[in-house]
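Down below is the structure, laid out as structure tokens.
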Amino acid sequence: MPDSTVDEIKSKLNVEEVIGGYLQLQRAGRNFKACCPFHNEKTPSFMVSPERQSWHCFGCNEGGDIFTFVMKIEGLEFIEALKLLADKAGVPLQKVNYENKGEKSNLSDIVEASKKFYKECLKIKGGKKAYEYLRGRGLSDEMIQKFELGFAPDSWSLLSDYLKKKGFKEKDILGAGMTVKNEKGRIYDRFRGRIMFPVNTVAAQTVGFSSRIMPGGDESSAKYINTPETLVYNKGRILYGLDKSKIFIRQKDQCMMVEGNVDVIASFQSGVNNVVATSGTALTVDQLRIIKRYTNNIVFSFDMDAAGVKAADRGIWMALEEGMNVSIIRRFGCRQPAVRSR
Ligand SMILES: [Zn+2]
């Protein structure tokens, strides 16, 4: 990575603004101070210096620049922190030939392009029905936009035609999981006549989708279909909503685990934003360890039907084994949670 890119990003971002996006900073002379997010304290010993564009904690002796801060607080690798901050600074990274650029980044470009396509489709023809369905389930326009929901038209090739026109190759579109190849070698769009939920990494990069069949759609096909494992989509390590909720999880020092995508979105809408869901898998140990970067306190809020009880039960034992503090909210229907902790 050429230093010039790192320097350009640093020159465009103030350390106090970047850190102020995560912590409540108070002015202290020429510096700013806050309670340190990396150790437990009641009086602030975490200092931010605009002059030196650096931060330092006199309690735990951690310190560095915006990159080390973002890596540490978001639990990211350098390259992920770089992407996040480059985005914030408006510095294009495409010009940079870092090692990962290649097949992986090509696949994420395909997923990103698909997301745009699906979002556009939500506004036209068949998509309007999907939009009305989402609104009918009580989701606001704001949330539909925030979570970038979309619609996959009921067609065998609309998406792949669109992607090919954009210059993407058939084998890469297949590799990104956007199409399926049948036994006869015919390739067609994986998602057809479905409501689309983009699934993001913790660094807010879209790497796949989960989808729901349109109500009244082709009942012979599965109700929920997800992107399969790809080079960029590792299901067992992704939590739906975490890119948006991680800051709140850290602030509240608690993570709510709900069952599905719509539960996450509805929860955000009602103001409870320290929430995640697994996407298309049972909860994994990897996912719990990712949550532990932000908090050690987990609350399971699952439906108390048989499947919900079973899923919660497994998750609870795994979380306890990981040394987390576990609480349970039992939901009967959606409205009246009876809270019980242990
Ligand atoms: Zn500290």
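This is a predicted model, so every value here is computed, not measured. As the structure lists them, so they are numbered: ligands from 1, and atoms in each ligand from 1.
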Original post:
Between T68 and D65, does a side chain to side chain donor-acceptor pair (under 3.5 Å) hold up when you go through it step by step?
Top reply: CA-CA 6 Å; T68 49; D65 60 10; 3.3 Å; yes

**OP:** Show the numbers, then the answer: is there a salt bridge (Lys or Arg N to Asp or Glu O under 4.0 Å) between E8 and K12?
**Re:** CA-CA 6 Å; E8 192 186 349; K12 291 195 173 160; 3.4 Å; yes

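Using cut-offs of 30° and 60° for the angle between ring planes, the F78 and F67 rings count as tilted. Taking the six-membered ring where the residue is Trp, W55 and F38 present tilted rings, their angle falling between 30° and 60°.
Protein N/O/S atoms closer than 2.8 Å to the Zn ion (ligand 1), listed by chain and residue number, are C36 SG, H39 ND1, C57 SG, C60 SG.
By the 6.0 Å contact criterion, CZ on R135 is enclosed, its count of non-hydrogen atoms from other residues, nucleotides or ligands being greater than 12. Within a 6.0 Å sphere centred on NZ of K129, other residues, nucleotides and ligands contribute 12 heavy atoms or fewer.
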